[in-house]
Amino acid sequence: METNLIVSSSPHMRSGASTQKIMLDVIIALTPAAIASCVIFGWSALLLIVLCVATCVLSEFICRKVMKRENTISDLSAVVTGILLAFNLPPTIHPLIAVFGGVAAIVVVKQMFGGIGQNFVNPALTARIILMSSFPSKMSTWASPFYYLGSSDAMTTATPLSLLAQGQTDQLPSYLNMLAGVRGGCLGETCAVALLVGGVYLIARKVISPVIPVCYLGTAALISLVAGRDVLLDLLSGGLLLGAIFMATDYVTSPINFKGRIVFAVGCGVITMLIRMFGALPEGVSFSIVLMNILVPLIERVTRPHPFGKERVKQ
């Protein structure tokens with residue numbers, strides 16, 4: 001009786017999950033926040049999301065063709081990058097700036113390092129940092145919620161963190177408004193309820209582990225409490241929820257072992273709060289995650305489990 005043996009390189013554990021299925025789950029999880037952004041900021045939000053997604057997909061398609069590599073747009077990772085990039089932009093930003101960010105995210109950050117699985121920093125967040133450095137005024141002009149209905153006194157507004165930094169605490173939105181997204185901010189970061197719904201979906205589907213979001217948010221909350229700040233305001237403001245749930249948990253740029261994830265998430269929380277309290281910028285999520293992305297190889301080397309415990313087996 002003949003036995004067919006399959007010889008292949010490790011890993012030998014097989015899973016029914018594929019990149020496309022995982023990315024599809026992430027897209028589904030991002031949908032509530034996308035819908036909320038369209039309700040809060042109008043058609044400009046939808047157009048910005050579509051533009052960023054189209055730019056990222058087209059950039060990946062052209063880049064893979066030029067590099068004469070197998071095209072990977074069907075894995076939906078470029079779609080996720082496009083949505084996350086749009087979520088990190090002001091709702092009324094100039095379309096050409098969004099296009100520039102999409103090209104930078106895909107071509108420079110992702111494809112020039114080998115494509116999906118090879119980039120060492122989060123493409124969407126790195127693109128946001130590039131845009132913040134290149135167009136600081138455009139990247140810090142925030143639209144008032146429901147401005148498209150003509151119900152706001154002004155077209156522009158300040159974010160809660162900006163108001164806090166300026167000492168204008170009397171103008172801060174209520175917790176209820178921050179949960180619902182009725183505040184200034186980037187396109188996809190304002191509605192906390194929608195982001196939490198998406199996070200619960202990803203955890204329930206076992207797409208992400210709760211370790212990084214819980215440790216990231218817990219560290220930020222603890223530092224805020226010790227520093228005498230408003231803990232709920234810090235948790236609901238800026239891109240903390242968006243970053244902790246959807247970007248710090250990126251498979252490629254975060255540690256794979258349990259201890260490494262804790263170190264990574266705590267580091268993100270510490271850096272975020274240090275920038276918020278002492279930095280020139282009111283927000284620190286993008287910089288904290290990208291800085292910790294760079295440290296991931298070191299974190300994994302230090303925290304990797306040893307098969308025989310701490311003691312090495314003597315030969």
Side-chain angles (χ1 to χ4, degrees), residues 11 13 15 17-27 29-30 75-85 87-88 105-106 109-110 113-129 188-189 195-196 198-221 235 238-275 283-305:
M13 294 181 66
S15 170
S18 65
T19 301
Q20 187 183 66
K21 290 180 180 179
I22 292 171
M23 293 298 116
L24 182 59
D25 273 330
V26 176
I27 292 170
L30 289 168
D75 64 17
L76 301 179
S77 62
V79 176
V80 172
T81 299
I83 297 174
L84 290 176
L85 174 61
F87 278 16
N88 279 278
I106 296 298
V109 184
K110 185 180 178 184
F113 287 92
I116 186 170
Q118 304 299 318
N119 52 284
F120 65 96
V121 288
N122 186 282
L125 284 181
T126 307
R128 185 192 183 193
I129 293 173
E189 71 182 21
L195 294 171
L196 290 171
V200 170
Y201 173 82
L202 290 179
I203 293 172
R205 292 281 295 172
K206 297 183 179 180
V207 173
I208 66 171
S209 164
V211 174
I212 290 178
V214 169
C215 291
Y216 191 167
L217 297 173
T219 301
L235 290 178
L240 187 55
L241 286 175
L242 177 63
I245 296 171
F246 291 100
M247 288 176 286
T249 54
D250 177 30
Y251 287 177
V252 179
T253 57
S254 62
I256 60 174
N257 64 75
F258 181 78
K259 291 182 181 178
R261 288 174 179 173
I262 293 176
V263 173
F264 174 83
V266 170
C268 287
V270 169
I271 297 173
T272 296
M273 292 308 299
L274 288 177
I275 293 175
E283 178 62 294
V285 172
S286 298
F287 292 98
S288 65
I289 294 177
V290 169
L291 285 172
M292 292 307 295
N293 286 162
I294 297 171
L295 293 176
V296 164
L298 177 61
I299 294 172
E300 290 192 321
R301 188 191 314 167
V302 173
T303 61
R304 69 176 183 266

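Numbering of residues begins at 1 and proceeds along the displayed sequence. The figures that follow rest on heavy atoms only: side chains count, while hydrogens, waters and symmetry mates do not.
- I22 contributes atom CD1, which lies 12.0 Å from atom CD1 of I208 (distance to the nearest 0.5 angstrom).
- For V121, the side chain to side chain contact (heavy atoms under 4.5 Å, CB included) test picks out V109, T126, V290, N293, I294, with sequence neighbours left out.
- Under the ring-ring contact (aromatic ring centres under 6.0 Å, His included) criterion, F258 pairs with no residue, sequence neighbours left out.
- Taken from CG in L291 to CG in L125, the straight-line distance is 11.0 Å, to the nearest 0.5 Å.
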Dump the intermediate steps for side-chain contact (heavy atoms from CB on, under 4.5 Å) on E300 and I256, then the final yes or no.
CA-CA 8 Å; E300 290 192 321; I256 60 174; 3.5 Å; yes
Worked check of side-chain contact (heavy atoms from CB on, under 4.5 Å) between I116 and K110: CA-CA 7 Å; I116 186 170; K110 185 180 178 184; 3.9 Å; yes
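- Residues L195 and G188 come closest through the heavy atom pair CD2-O, 3.5 Å.
- For D250, the salt bridge (charged side-chain N to carboxylate O under 4.0 Å, His left out) criterion is met by no residue, not counting sequence neighbours.
- When all heavy atoms of R128 and S286 are compared, the pair lying nearest together is NH1-OG, 3.1 Å.
- The two residues N122 and M247 come nearest to each other via the heavy atoms ND2-O, 3.7 Å.
- Between the OG1 atom in T253 and the CG atom in L295 there is a gap of 12.5 Å [rounded to 0.5 Å].
- Residues A220 and L240 share a closest heavy-atom pair of CB-CD2, 4.0 Å.
- Residue S288 holds its OG atom at 10.0 Å from CG of L274, rounded to the nearest 0.5 Å.
- Evaluation of the side chain to side chain contact (heavy atoms under 4.5 Å, CB included) rule for V263 yields I299, T303 as partners, not counting sequence neighbours.
- Atoms CG and CG, from L196 and L217 in turn, are 8.5 Å apart once rounded to the nearest 0.5 Å.
- Residue pairs meeting the salt bridge (Lys or Arg N to Asp or Glu O under 4.0 Å) criterion with at least one partner in residues 202-219, sequence neighbours excluded, are D25-R205.
- Listed by chain and number, the residues in a ring-ring contact (aromatic ring centres under 6.0 Å, His included) with Y251 amount to none (sequence neighbours excluded).
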Please walk me through it: do V26 and L76 pass side-chain contact (heavy atoms from CB on, under 4.5 Å)?
CA-CA 10 Å; V26 176; L76 301 179; over 6 Å; no
message: One pair to check against side-chain contact (heavy atoms from CB on, under 4.5 Å): L241 and L235. What are the steps and the verdict?
response: CA-CA 7 Å; L241 286 175; L235 290 178; 5.8 Å; no
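- One finds the CG atom of N88 at 7.0 Å from the CG atom of L84 (value rounded to the nearest 0.5 Å).
- Contact annotation: the side chain of I212 approaches that of F264 to within less than 4.5 Å [non-hydrogen atoms, C-beta and beyond].
- Heavy-atom minimum distance, T219 versus C215: OG1-O, 2.7 Å.
- Residues Y216 and A248 share a closest heavy-atom pair of CD1-CB, 4.1 Å.
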